[in-house]
Protein chains: 2
Amino acid sequence: MKTSDRILIAATVAFGENGYDGTSLDSLALELGIRKQSILYHYPTKEALLDATVADAIEVLALALSDAVTKSEDGWDRIEKMVRRVFRLAIQRPELLGLLREVSRLGPPTLTKAVKDFDPLIKGATKWLKSEMANGKIVESDPYLLVLSMYSVIMGAATEGNLLEAIGVQQTPRDVVLRRKELLRFLKSALVPVPK
Amino acid sequence: MKTSDRILIAATVAFGENGYDGTSLDSLALELGIRKQSILYHYPTKEALLDATVADAIEVLALALSDAVTKSEDGWDRIEKMVRRVFRLAIQRPELLGLLREVSRLGPPTLTKAVKDFDPLIKGATKWLKSEMANGKIVESDPYLLVLSMYSVIMGAATEGNLLEAIGVQQTPRDVVLRRKELLRFLKSALVPVPK
DNA sequence: AGCATTGCCTACCAAGTGGTAGAAAGTAGA
DNA sequence: TCTACTTTCTACCACTTGGTAGGCAATGCT
């Protein structure tokens, strides 16, 4: 694999797990078996490296979501498939969601850029939700708030691995499936209208 | 106010907003108008300071929650009052929840200690939920997972201020009330059994 | 062969990190 | 007033931080 890609991946993991400030270029280089200066050759500053990881993470997430969209029917099915897709991502590459959370804590300017990249997705989601509400397939409510609620629920469920471990909750694949199931029930009862 | 308390508060804010690694004792001291060595007099190490802030944050949160418990009826009312109470805390002292989230990212040993302090609360909550489920006042489900889901929902809704701001969502008190309302609807539809 | 480019390196550096040693200044009781 | 104690300070230290300057080997083009 290209060195620049190896750096990108290792940085994503490190930033996502230990935070931006908690990650030094030296430790990153040590882990990769190279010198810090090689990192600075591919990414001129630490912040540039951060930006690259964030852009990549957003791209991967956006791809996963749009994949779920194309392979799903309208209504609840689409939401379920999107949640499943995000959970799969959270299992395969937990660092991606961890990084995005870290970005939201870092604030501007990184967050500003990230949000700009992400905005079309949010806009698309709210527009779709609106039309679904008009069709009566989703409970009537503020679509913007709904997207944000869903974001925090999924993000929380997907990234609190550390916390769960400390509490002593098992983290086997089966348990993750259970949590996802519980979350889906949660969302479904809140979003799908009760049949009259 | 006592210097040690001023330090504690400033540290809670700083750790919660900029993270543990993103906060230096020097910057903290500068903000307080004292020297770094004065901080180290009251709290022998940076980690000791962190532990103190976490212990304090947990105490405040636990107090708020137990207050909500004593002033509420069983069933949905209790959950609603607890959510309202936590939201009030998130508005008055957002740094407290920010700090707790930071702790869950830092992992051991800080997280281990924090969880130990928090465990009785979780145990109490799950026990109560179980009895409520038995009574049919709350929808039957895994109480442990339920507590965790609620935790991440509330935490997310209460601490994503940065993100909302970047997206351009208004943050007036009225908007916060709206978000809380939406969250409560969310929880209610998921937790309260449909009357037959 | 000559030459430019790429990629990684060694050698440094100024600034900032958490922390120690110990002096100075206030404070209260005898 | 003397003394003991608490609190804050100056001075300093070893170490780590992100970043610069420039060398050196490999690669490919003419």
Side-chain angles (χ1 to χ4, degrees), chain A residues 1-56 95 99 102-103 105-114, chain B residues 1-56 95 99 102-103 105-114:
Chain A
M1 202 191 310
K2 277 198 311 186
T3 306
S4 61
D5 289 338
R6 288 180 59 224
I7 296 173
L8 193 75
I9 292 172
T12 305
V13 175
F15 289 156
E17 286 182 358
N18 313 112
Y20 179 71
D21 295 308
T23 304
S24 76
L25 295 182
D26 276 312
S27 67
L28 216 51
L30 186 72
E31 195 182 311
L32 288 163
I34 59 176
R35 279 345 113 203
K36 160 176 62 177
Q37 285 70 13
S38 303
I39 297 178
L40 289 165
Y41 169 76
H42 292 280
Y43 304 91
T45 65
K46 191 186 178 186
E47 212 181 317
L49 176 57
L50 173 67
D51 289 344
T53 59
V54 173
D56 180 62
E95 70 272 14
L99 176 65
E102 168 74 359
V103 169
R105 210 216 58 214
L106 284 171
T110 314
L111 178 57
T112 322
K113 258 176 277 178
Chain B
M1 201 191 308
K2 279 198 307 186
T3 306
S4 61
D5 290 338
R6 289 180 57 225
I7 296 173
L8 193 74
I9 293 171
T12 304
V13 174
F15 288 155
E17 287 183 357
N18 312 328
Y20 178 72
D21 295 309
T23 304
S24 76
L25 295 181
D26 276 312
S27 68
L28 215 52
L30 186 72
E31 196 182 310
L32 289 162
I34 59 177
R35 279 343 112 203
K36 159 177 62 177
Q37 285 70 14
S38 303
I39 296 178
L40 289 166
Y41 168 75
H42 292 280
Y43 304 91
T45 65
K46 191 186 178 186
E47 212 182 318
L49 176 58
L50 173 67
D51 289 344
T53 58
V54 173
D56 179 63
E95 71 273 13
L99 176 65
E102 169 74 358
V103 169
R105 209 215 59 214
L106 284 171
T110 314
L111 178 56
T112 321
K113 260 177 274 179

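Letters A, B, ... mirror the listed sequences (proteins, then strands); counts begin at 1.
Between the side chain of B:Arg6 and the backbone N or O of B:Met1, no donor-acceptor pair lies under 3.5 Å.
Distance, B:Leu40 CG to D:dC12 C1': 14 Å, rounded to whole Å. We find that CD of A:Gln37 is positioned 13 Å from P of D:dT17, with the value rounded to whole Å. If you take NZ of B:Lys36 and C1' of C:dT20, they are 11 Å apart, rounded to a whole angstrom. Rounded to an integer number of Å, the gap from CG of B:Asp26 to P of D:dT17 is 17 Å. Here the P atom of nucleotide D:dG23 and the CZ atom of A:Arg35 are 20 Å apart, to the nearest Å. Rounded to an integer number of Å, the gap from A:Leu28 CG to D:dG18 C1' is 13 Å. The CD1-C1' distance, from B:Ile39 to C:dT17, rounds to 13 Å in whole Å. In this entry the distance linking OH of A:Tyr20 with P of D:dT17 reads 13 Å, nearest Å.
Look at A:Ser38 and you'll find a side-chain N or O under 4.0 angstrom from OP1 or OP2 of C:dC9. Listed pair A:Tyr41 / C:dG7 meets the phosphate criterion, a side-chain N or O lying under 4.0 Å from OP1 or OP2. Contact annotation: B:His42 reaches the phosphate of D:dT8 (side-chain N/O to OP1 or OP2, under 4.0 Å). Between A:Thr3 and C:dC8 there is a side-chain polar atom (N or O) within less than 4.0 angstrom of OP1 or OP2.
Residue contacts for B:Leu25: at a heavy-atom cut-off of 4.0 Å it reaches the sugar-phosphate backbone alone, with no base atom in range. Among the heavy atoms of the strands lying under 4.0 Å from A:Thr23 are primed sugar atoms or P, OP1, OP2 only; no base atom is included.
With DNA chain D read from its 5' end, the first of the two nearest nucleotides for A:Ser27 and A:Pro44 is the one closest to A:Ser27.
No cation-pi contact links B:Lys36 to B:Tyr41, judged by a cut-off of 6.0 Å to the six-membered ring centre and 45° from its axis.
Scanning atom types as modelled, no donor and acceptor separated by under 3.5 angstrom connect the side chain of B:Lys46 and the base of C:dG19.
When all heavy atoms of A:Gly19 and A:Glu102 are compared, the pair lying nearest together is CA-OE2, 3.4 Å. The two atoms that bring A:Ala14 and A:Thr23 nearest to each other are O-OG1, 3.3 Å, heavy atoms only. The shortest heavy-atom contact between A:Arg105 and B:Asn18 is NH2-O, 3.1 Å.
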